[in-house]
Amino acid sequence: MSIRLSQIDKTYGNKGRGSKGRGSKGHGHKDDGRTRALEPIDLDIHDGELIGLLGPSGSGKTTLLRIVAGLEQADGGTIHFGEREVTHVHVRDRRIGFVFQHYALFRHMSVFDNVAFGLTAMPRSQRPSSGEIRTRVMQLLEMVRLQDFAERFPAQLSGGQQQRVSLARALALKPDVLLLDEPFGALDAKVRQELRRWLRHLHEELHFTSLFVTHDQEEALELSDRVVVMSNGRVEQIATPDTLYRQPANRFVFEFLGDVNRLEGDIEDEVLTCGNARVAVPGVEDGRRELLLRPHEIRLDDQPGPRAHLPVSVTAVVPVGAEVRIELEADWLGEPWLATISHADFERLAITRGKRLYAQPSRLHRFDTPRPQTLAPLSIS
Ligand SMILES: Nc1ncnc2c1ncn2[C@@H]1O[C@H](COP(=O)(O)OP(=O)(O)OP(=O)(O)O)[C@@H](O)[C@H]1O
């Protein structure tokens with residue numbers, strides 16, 4: 001089922017403020033005490049897509065999700081599920097499944113009864129027979145690999161298992177749309193990873209349309225077909241994970257999606273100088289500017305390169321995972337840089353703490369122009 005939001009906006013008034021246990025915060029705060037939670041938002045979600053809403057705390061993700069659910073009314077705009085306008089349709093009639101961070105399972109009911117709840121609570125005329133309910137619930141429990149846990153109670157399950165029961169329960173009524181609010185937020189890293197893989201799999205198998213909220217970049221990039229990056233109640237960019245990472249629409253998206261190193265200096269004749277450091281910046285006009293680069297866009301060497309003379313010393317080494325993370329300092333740098341290099345380079349350069357090296361940027365990004373620009377100092381001969 002496709003979802004189309006058109007000019008959806010929301011401002012919380014004084015009266016409602018804090019009803020979720022928090023006050024107004026951030027830039028959405030208006031002088032008159034109201035909070036602008038969402039600027040007018042347009043969003044087209046295709047049938048079968050898995051969409052991540054990603055943004056810092058207070059950016060409006062939950063508000064948007066609750067408006068799609070019908071738990072909150074927008075001040076203006078329209079919502080369509082497929083051809084059907086649901087802007088004023090009650091939550092109960094939207095055919096939506098929910099999964100929230102704090103697994104709201106009924107503690108006094110068995111796993112089976114929790115999953116069956118939506119079906120047994122249907123009006124008698126629509127309710128499937130108890131045999132049909134049994135078959136459906138057992139199918140769902142099998143799907144979430146909890147068929148042997150049907151008679152247990154929530155307190156006898158791990159957090160990850162409880163969350164899988166929540167998912168089975170959400171899917172019991174065959175929703176057109178599944179909404180998830182930080183579904184794995186309360187779980188440890190390994191279980192999160194497992195559940196993500198598993199949600200992705202389930203999604204491909206069952207073809208529902210999902211919208212999930214997260215503030216975890218990795219989770220959004222790994223799970224989503226497309227990610228909606230939000231800040232201050234606005235959509236900053238909607239794109240596939242790959243496009244977001246490679247072609248961020250603006251500085252906010254670039255900074256929010258990964259570690260960033262900063263280089264500030266004076267540019268003259270396409271060379272940036274900062275203390276005793278210099279680097280070629282082809283095509284950049286004279287003046288004082290700030291350029292940004294990702295940790296993997298730094299190469300380290302024991303000689304300065306023809307296009308870069310950036311002396312640094314190593315302050316920390318973390319050889320974990322597929323790459324080695326190296327922290328670098330220099331007196332021409334305002335704050336340390338982080339570089340990620342291969343284990344091969346790490347060994348070739350015999351890197352230890354205190355070692356003096358030269359950094360060579362393979363790319364530099366600037367966001368002070370109307371469109372972001374990427375420079376490649378090493379590719380210029
Ligand atoms: N019931 C409410 N009453 C008043 N203001 C609210 C209410 N709910 C949210 N807000 C405000 O609206 C803005 C957006 O909040 P929202 O919960 O949508 O953000 P979020 O991106 O989901 O944040 P988080 O990641 O912290 O949950 C915030 O400034 C918040 O304080």
Side-chain angles (χ1 to χ4, degrees), residues 3 5-43 45 50-77 79 87 91 94 96 98-104 159 163 166 177-187 189 192 195-196 199 210-224 226-239 241 244 248-250 252-253 255-258:
I3 303 173
L5 306 187
S6 176
Q7 293 292 295
I8 288 293
D9 71 333
K10 178 77 184 173
T11 300
Y12 288 106
N14 283 324
K15 232 168 100 207
R17 189 141 54 94
S19 63
K20 284 168 76 186
R22 49 183 149 173
S24 64
K25 53 193 172 187
H27 304 258
H29 184 62
K30 293 176 121 183
D31 289 343
D32 58 6
R34 294 182 301 149
T35 301
R36 180 81 151 158
L38 293 177
E39 304 274 342
I41 280 183
D42 292 323
L43 186 57
I45 300 174
L50 179 48
I51 296 282
L53 292 178
L54 174 71
S57 182
S59 55
K61 309 178 293 293
T62 300
T63 300
L64 189 59
L65 195 81
R66 290 173 59 84
I67 287 174
V68 174
L71 294 168
E72 197 87 64
Q73 278 298 314
D75 295 336
I79 307 172
T87 319
V91 50
R94 290 197 185 190
I96 279 174
F98 295 105
V99 182
F100 293 115
Q101 174 176 344
H102 296 290
Y103 7 84
Q163 213 47 337
S166 294
V177 172
L178 185 66
L179 302 176
L180 308 104
D181 193 355
E182 301 264 2
F184 314 135
L187 306 169
R192 283 175 84 112
L195 282 187
R196 278 183 211 163
L199 175 62
S210 309
L211 190 56
F212 76 99
V213 162
T214 183
H215 62 264
D216 180 331
Q217 292 85 341
E218 200 185 302
E219 186 157 289
L221 295 180
E222 188 183 318
L223 257 181
S224 317
R226 286 188 301 155
V227 181
V228 178
V229 182
M230 298 186 63
S231 85
N232 301 328
R234 277 195 312 273
V235 171
E236 297 285 348
Q237 189 168 6
I238 307 172
L244 269 191
N250 54 42
F252 174 85
V253 176
E255 294 195 305
F256 194 65
L257 281 185

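As the structure lists them, so they are numbered: ligands from 1, and atoms in each ligand from 1. The structure presented is a predicted model; accordingly, all values stated were derived computationally and were not measured. Each residue takes its place number in the sequence, starting with 1.
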Novice: Contact between Leu179 and Arg94 at the side-chain level, heavy atoms closer than 4.5 Å - yes or no?
Specialist: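 SC-SC contact between Leu179 and Arg94 ruled out.
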Novice: What I want to find out is whether Arg36 reaches Asp9 closely enough, with some N-O distance under 4.0 Å, to be called a salt bridge.
Specialist: yes
Novice: Taking 4.0 angstrom as the limit and counting only heavy atoms of Ser59, give me the atoms of ligand 1 inside it, by number and element.
Specialist: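 Those of ligand 1 that fall under 4.0 Å from Ser59 are 19 (O), 20 (P), 21 (O).
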Novice: Are any of the N/O atoms on Gly60, whether in the backbone or the side chain, positioned under 3.5 angstrom from an N/O atom of ligand 1?
Specialist: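 Such a contact does occur with ligand 1.
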Novice: Quickly, which of Leu180, Leu71, Leu178 forms a side chain to side chain contact (heavy atoms under 4.5 Å, CB included) with Phe98? Name it, please.
Specialist: Leu71
Novice: Can Pro56 be said to touch ligand 1, with heavy atoms closer than 4.0 Å?
Specialist: yes
Novice: Any atom of ligand 1 sitting under 4.0 Å from a heavy atom of Gly58?
Specialist: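 Gly58 counts as a contact of ligand 1 under the 4.0 Å cut-off.
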Novice: To the nearest 0.5 angstrom, please state how far the OG1 atom of Thr62 sits from the CG atom of Asp181.
Specialist: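 With rounding to 0.5 Å, OG1 (Thr62) is 4.0 Å from CG (Asp181).
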Novice: Does a side-chain heavy-atom distance below 4.5 Å link His215 with Ser57?
Specialist: no
Novice: Hey, does Glu182 come in under 3.5 Å of ligand 1, counting only N/O atoms on both sides?
Specialist: no
Novice: Return yes or no for this condition: an N or O of His215 is under 3.5 Å from an N or O of ligand 1.
Specialist: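 It does not: no N or O of His215 is found under 3.5 Å from an N or O of ligand 1.
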Novice: Short list, please: which atoms of ligand 1 are under 4.0 Å from a heavy atom of Thr35?
Specialist: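 Near Thr35, meaning under 4.0 Å from one of its heavy atoms, ligand 1 has 11 (C), 12 (O), 29 (O).
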Novice: Taking NZ, NE, NH1 and NH2 as the nitrogens, is one of them in Glu218 or Arg196 under 4.0 Å from a carboxylate oxygen of the other?
Specialist: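 Yes, Glu218 and Arg196 are salt-bridged.
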